[in-house]
Amino acid sequence: MKSYEQPIYMNNAATSWPKPPEVAEAVASSLNAIPGEANRGGVTDFDVFQEVRTELARLMGISCPSQIALGPNSTWGLNQAIFGYPLKPGDVVLSTKAEHNAVLRPLWVLEQKGVTVIKVPVDRVGRVSASDWKEALLAHRPKLCILTHASNVTGAVNDIETLAREAKEAGADVLLDVSQTLGCVPVQLSQWGVDLAAFTGHKYLLGPQGTGGVYVREGLYLHPHMVGGTGVKSDLKEMPEEMPLHLEAGTGNEPSYHGLLAALRWSREHPMDQEALRACTRRLTEGLTKLGCQVILPEEPSTPVVSFGIPGITSSEAADILTGSYDIILRSGLHCAPEIMEEIGMKGGTLRLSLSRFTTEEEVEQVLLAVRDLVESGL
């Protein structure tokens, strides 16, 4: 795929790149064709949204694709789930210190409305302790639990099967953010007893931006956070009751969903080489550690994310040099997850390298040489 000279891209936890060529081809083909979105006229013999739901259901480990509502991203999905869930003043929501602002900011809004929000601390690699989680469940008896499957800062994957089971035993529903894991590590929502899950298409699913959504288990009612046209049942004053129409107001991003469908099918036909990806990630962490960097080292399971700091230089300064002088694309700062930083001992933020199935051993070695230059420069 990398047939020409290009930057070293290690920001896949933000947005994956490169994409399979089929993705751009599918988007372009959709843009050049007669619009065919279901329910709204045009060509209706192929429903790209339903095809995407079918592929996603397989990846999520659920049996009913229609329980997946599609929108522009996981932030949309999280907002639909958090603001649509039946909470009232005095109810308790249990979350963690590892969450993204797409969770933290909606929770702050809920707090202003009288909902009590409790955040469980995480360990030095950003993982939730089962004992801390259980203690908080027993102490606060939440109505809803919200947590990330994997930290976008450290890559640490939580034991959702255990955490969700304990939450269900305590009488709570579970909302899981799988933005960092879907397409990268196994997800089994039904097996784990997860009630709601938000996801995005532009990270490890390899799709375009503007794709994502929320899964809602059968029998759980969400009040629509956004209302409008659905193309059918237009005589109703309220949104239709059945999923996914219940949460899908307005015209969908048909071209990008054609791209996501192409990505999902390509990934199914080309399984990820997990061992090769783990080997690259291990080499990177080991090399950075030998260079004297402060590296966050979660044990597996983890996503291919490496967060670190270089002694004597801020993360923003280091990122500017690595990008400007070495053409390495990475992320620096708080990564939209400010509360985890004190937990992992990196109050000023981190440098984050996030690999993908397309990352090569040669790229890893080039990154290590660049970081070595920074360390030896004494900045």
Side-chain angles (χ1 to χ4, degrees), residues 13 59-62 67 74 77-78 81-82 85 87 91-104 106-107 110 115-200 203-204 214-217 219-220 222 296-303 305 337 339-340 342-344:
L59 280 177
M60 292 179 175
I62 62 172
Q67 292 303 118
S74 56
L78 286 163
I82 293 171
Y85 189 84
L87 293 166
D91 285 341
V92 177
V93 174
L94 186 67
S95 191
T96 84
K97 295 271 191 166
E99 303 309 313
H100 190 279
N101 273 334
V103 169
L104 296 178
L107 289 182
L110 289 184
V115 174
T116 299
V117 175
I118 304 296
K119 295 169 187 171
V120 178
V122 294
D123 64 20
R124 299 295 281 185
V125 299
R127 189 171 276 127
V128 180
S129 157
S131 59
D132 288 347
W133 182 252
K134 188 170 185 177
E135 181 181 341
L137 286 167
L138 295 175
H140 302 286
R141 293 293 175 182
K143 187 172 183 179
L144 177 65
C145 294
I146 306 173
L147 72 163
T148 185
H149 189 189
S151 167
N152 72 309
V153 176
T154 71
V157 175
N158 284 309
D159 179 5
I160 299 303
E161 186 168 13
T162 297
L163 301 178
R165 182 181 67 249
E166 292 177 346
K168 301 301 289 183
E169 289 175 355
D173 284 325
V174 177
L175 166 56
L176 186 64
D177 181 356
V178 296
S179 302
Q180 291 293 322
T181 53
L182 194 61
C184 183
V185 300
V187 172
Q188 291 293 329
L189 300 182
S190 294
Q191 178 182 317
W192 297 339
V194 170
D195 302 282
L196 300 147
F199 63 93
T200 195
K203 300 183 190 292
Y204 292 106
V214 62
Y215 157 74
V216 185
R217 69 159 167 80
L220 177 58
L222 292 185
I296 307 298
L297 297 169
E299 295 180 358
E300 293 186 0
S302 61
T303 61
V305 169
E339 296 188 4
I340 197 176
E342 186 170 356
E343 305 286 294
I344 64 175

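The structure presented is a predicted model; accordingly, all values stated were derived computationally and were not measured.
- Evaluation of the side chain to side chain donor-acceptor pair (under 3.5 Å) rule for Thr148 yields no partner, not counting sequence neighbours.
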Acceptor/donor pairs from residues 132-141 side chains to any protein atom, 3.5 angstrom cut, sequence neighbours excluded:
| from | atom 1 | to | atom 2 | distance (Å) |
| --- | --- | --- | --- | --- |
| Trp133 | NE1 | Leu163 | O | 3.0 |

- Show your working on side-chain contact (heavy atoms from CB on, under 4.5 Å) between Gln180 and Lys203 and close with a plain yes or no. CA-CA 7 Å; Gln180 291 293 322; Lys203 300 183 190 292; 3.7 Å; yes

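- The two residues Leu175 and Ala198 come nearest to each other via the heavy atoms CD1-N, 4.3 Å.
- Rounded to the nearest 0.5 angstrom, Glu99 CD and Lys119 NZ are separated by 9.0 Å.
- In this structure, the side chains of Pro301 and Val185 stay at 4.5 Å or more apart for every pair of heavy atoms.
- Taken from CD1 in Ile296 to OG in Ser302, the straight-line distance is 12.5 Å, to the nearest 0.5 Å.
- Of the candidates Asp177, Val174, Val122, Leu94, Leu147 forms a side-chain contact (heavy atoms from CB on, under 4.5 Å) with just one, namely Val174.
- With sequence neighbours left out, Gln188 forms a side-chain contact (heavy atoms from CB on, under 4.5 Å) with Gln191, Trp192.
- Minimum heavy-atom separation, Asp195 to Ala172: OD2-O, 4.4 Å.
- Pairs engaging residues 121-130 under the side-chain hydrogen bond (donor to acceptor under 3.5 Å, both in side chains) rule: Ser129-Ser131 [sequence neighbours left out].
- Taking CG from Asn152 and OG1 from Thr181, the interatomic distance works out to 11.5 Å, rounded to the nearest 0.5 Å.
- The ring pair (Phe, Tyr, Trp, His ring centres under 6.0 Å) analysis of residues 163-185, with sequence neighbours excluded, yields no pairs.
- Note that OH of Tyr85 and CD1 of Ile146 are 9.5 Å apart. Values are rounded to the nearest 0.5 Å.
- Judged as a ring pair (Phe, Tyr, Trp, His ring centres under 6.0 Å), not a single pair has a partner in residues 164-188 (not counting sequence neighbours).
- Taking both residues in full, the closest heavy atoms of Ala197 and Leu189 are given as CB-CD1, 3.6 Å, listed atom of the first, atom of the second, then distance.
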